[in-house]
Amino acid sequence: MAIENVFGKIKEVDEAMTHINDHTVLMYGGFGGVGTSPLLINEIVKKNVKDLTLIGNDSGFPQIGIGRVICNGQAKKMITTHIGSNPVAGQLMTEGKLEIEFSPQGTLAERVRAGGTGLGGVLINVGLGTVIEKGKETIKVDGKTYLLEKPLRADVGIIYAKAADPFGNLIYDKTARNFNPLVAMASDVTIVHAEEIVPLGELDPEEIITPGVYVDIIVTGEGGKWKWVWEQEN
Amino acid sequence: MAIENVFGKIKEVDEAMTHINDHTVLMYGGFGGVGTSPLLINEIVKKNVKDLTLIGNDSGFPQIGIGRVICNGQAKKMITTHIGSNPVAGQLMTEGKLEIEFSPQGTLAERVRAGGTGLGGVLINVGLGTVIEKGKETIKVDGKTYLLEKPLRADVGIIYAKAADPFGNLIYDKTARNFNPLVAMASDVTIVHAEEIVPLGELDPEEIITPGVYVDIIVTGEGGKWKWVWEQEN
Amino acid sequence: MGLGARELMAKRAAEEISNGNIVNLGIGIPTLVSDFISSGIHVFLHSENGLLGIGPKPKYGKEDENLINAGGFPCTAVQGASYFDSAESFAIIRSGKLDITILGALEVDEKGNLANWIVPGKRVPGMGGGMDLAENAKKVVIVTTHTNKDGSSKIKKKCSLPLTAKECVSLIITELAVMEVTKEGLVLKELFEGTTVHEVISKTEAGLIVSDTLRMIRYE
Amino acid sequence: MGLGARELMAKRAAEEISNGNIVNLGIGIPTLVSDFISSGIHVFLHSENGLLGIGPKPKYGKEDENLINAGGFPCTAVQGASYFDSAESFAIIRSGKLDITILGALEVDEKGNLANWIVPGKRVPGMGGGMDLAENAKKVVIVTTHTNKDGSSKIKKKCSLPLTAKECVSLIITELAVMEVTKEGLVLKELFEGTTVHEVISKTEAGLIVSDTLRMIRYE
């Protein structure tokens, strides 16, 4: 069945990439590269835009996920939870070339969700009594103390989905879901790399994880696929 | 295929009802009664427990949903968004027999989610400049003003699901989902009325809306079904 | 047969809706708007109870008790619709993804303040999702009778009833006229056939600026 | 063949897990715990990246690149498993639904303070989900070597490294002993075969209260 592009959201990768430029604040789905779009990462590396601010779970591996963008020297700042799997990120941080703001993982998820759902902030107990408190307002509610965690939004979000329909309704694949539905909500321009584009009405309305209202651009295609660490070890 | 009750969560309705007593804070799924369990409502009316605090989207209709419990004089307080479809609720409020705390619908949903996800509160702009501000702290974040909305939890939550497996993984049916997944998270004891109990592994892990971790008791059965307003009109 | 006043208002309101819009229609006259949305455009209707993509009313006997719109009546779902919980439903509104909401009013004033949820001591149904919609939809269109049954104006200098949201309204459509809320005040932009500027001004408590491009709405 | 020290610790830690528990295992020694969970009980292993119900490692060649545990390695999903996004994944932890987490440590002290995420100026990987787990799991069990390679104690009077969470630890399992954090202080409850109270005390910076019911752990 032919796909009708009735909402005009299905585009060529080149057109999608016009939104990602020097200084773009870029949010990405993925956890250790799983659920990060190989196609869009490859295009970002090829376009070689600079001074990106990156927001996402972790720094990937040097040749996997957002790690490729970091190793190519394209980021000036990251808001993330973990950079341990990408030594280059740590090295750039030590050299003062990459500013890192650490956020606990659940807190980062809620901050992105807050940005995506129009909340002004959320109160979280994680990080109390640690360096994470630094620079944050503490608020007491009914005798308990919390940190005020601010919402996060991005200029552009890159999403990796199992399937999209022309409205941008999305389903994901197993643990490749992770931050993707949150990033989709929290970005001014949400670009989805879908493994497959299916006709409107083909996705079960009960199963849709991201309603199409959050999706601006849908691309598909091969390219950029990396070899996983566990494949290299085998 | 026989259902193995390996987690001990599948129970008789009578056993489930031991958790609902005078003064219980009871949260319920449902929107105009759609997605409220007829079976559990019927049992609550039969048990005739008193002085309940009710938390849910609306007051149903006099003979539909939570409305039956309200009309039976079992509630002393409600936290809700709308009582317009149940004149008895309004009358009880006017007579001072039922205390009502109104919360905007999206705010109520986020307050229940906050209670269910361990947040200390959320900042929301809805209700600014209205009576909803009354008694609430206002907080400025990056120049914008928000109301600090506190989390809500309940002693017991009653849930209506399309299907449950023995661990309590749940799927819902269309617009009967509404507040149910939120209530499931925010209750100390979550009681699910499932239309059907299916063997472990039968629900697609991608489709599960409420992970079983939030479910304590699963019941099933007929009884208590009401006639919808639109059925009466036909 | 010509359209009644309610249908005329609904038809005019429907013209505010563009291709690809995400739209929420309140109960009452706003519900009628869906009948007038051009069949040539793709619109997703949002229902507060967790549906994006409301379809037409089901046939008699084909109702599904678990597929209901926010007004409590059976509906269907269009191709591409999705279901979600109440938190996600209002996230769509609060995050600014709702292009337009069409709501009723008890009072609306020069500054775009809206009162439509409570008459203290008389009618206290609660705000439901109204405050969320009024505060956070990208465009709030009010469809209301111009006056109350006693002839008093619903288009006020300043709302006297408790507000639903402050300075939220963009456009007001009554059976007489279409008025836009601007920084300068309320601008009278369109008249329905059969009324006059004079009649509208006399029935409006708020000050009105008559637009240079005032036009008459004529539907055949 | 006897178990190595790492396996002994993992085996002992597994005894903390009961039927129906929701469990999160950190990387390193904690990962080994899953091999020792009694086959007679039903346990759901939680993975931060959005899976409740981690199953065994897949067979070689049967890996699925989209089904990975939080350590980055291919896994499977058990019957009754579910997938969700990262916000929901941490909601499970923050809301107190995680019965037990088993984590490693750089330092842990008398009060149950935990430091396991950063060595300033030397090793700055970030906390990942560690702070969420340490702060909000119902029970935090630490599995760690008793001393650093230089012989200094990891069981401190007071943590010197930046904390992961305050007063969060319930139980500490090392290759020498099992210690419980109580209001009175650290209670030495169990010894692994081959060590003595004297050895444990001499290798522990923190004060230790020797339990009246001190027992020797013997695994055949």
Side-chain angles (χ1 to χ4, degrees), chain A residues 1 3-10 110-122 151-154 157 161 163-172 181-190 197-218, chain C residues 17-24 37-55 64 66-69 75-101 129 131-138 165 168:
Chain A
M1 188 171 163
I3 308 293
E4 284 188 82
N5 190 14
V6 284
F7 299 92
K9 293 184 180 182
I10 304 168
E110 286 297 323
R111 292 177 71 190
V112 174
R113 181 184 180 276
T117 61
L119 300 176
V122 288
L152 291 171
R153 283 192 63 88
D165 70 19
F167 181 48
N169 289 313
L170 305 181
I171 60 169
Y172 301 94
L182 307 168
V183 171
M185 294 192 289
S187 303
D188 291 346
V189 177
T190 295
I197 303 179
V198 301
L200 202 67
E202 190 159 298
L203 298 177
D204 179 349
E206 300 278 11
E207 277 186 74
I208 290 167
I209 301 297
T210 296
V213 65
Y214 293 112
V215 170
D216 300 290
I217 296 171
I218 304 160
Chain C
I17 299 170
S18 313
N19 189 41
N21 274 185
I22 311 299
V23 179
N24 186 295
I37 297 172
S38 161
S39 60
I41 63 175
H42 289 87
V43 168
F44 275 82
L45 296 179
H46 172 268
S47 191
E48 292 95 311
N49 54 337
L51 166 59
L52 185 61
I54 307 174
D64 178 333
N66 288 336
L67 182 47
I68 304 285
N69 66 27
C75 66
T76 55
V78 300
Q79 283 207 335
S82 55
Y83 302 113
F84 32 75
D85 69 37
S86 295
E88 287 191 56
S89 184
F90 282 84
I92 289 173
I93 301 169
R94 221 175 27 243
S95 65
K97 291 293 177 186
L98 196 76
D99 294 296
I100 182 166
T101 188
M131 285 191 175
D132 291 87
L133 287 163
E135 178 74 37
N136 288 318
K138 277 198 245 177
C168 59

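Side-chain atoms are counted along with the backbone in the values below, which use heavy atoms only and exclude waters and symmetry mates. Keep in mind it's a predicted model, so treat the numbers as computed, not measured. Chain letters run A, B, ... following the sequence lines, proteins first and then strands; every chain starts at 1.
Considering every non-hydrogen atom in both C:Ala87 and A:Arg113, the closest pair reads CB-NH2, 4.1 Å.
Listed options A:Gly118, A:Ala186, A:Pro205 were ranked by heavy-atom pairs under 4.5 angstrom with chain C; first place goes to A:Pro205.
At a 4.5 Å heavy-atom cutoff, the contact between C:Leu52 and chain A is made by side-chain atoms alone. Only the side chain of C:Phe44 comes within less than 4.5 Å of a heavy atom of chain A; its backbone N, CA, C and O stay farther away.
Between C:His46 and C:Phe84, the ring-plane angle classifies as parallel under the 30° and 60° cut-offs.
Screening residues 89-98 of chain C for salt bridge (charged side-chain N to carboxylate O under 4.0 Å, His left out), with sequence neighbours left out, gives B:Glu110-C:Arg94.
Looking at residues two or more places apart in sequence or on another chain, you find a side-chain hydrogen bond (donor to acceptor under 3.5 Å, both in side chains) between A:Asp165 and A:Asn169.
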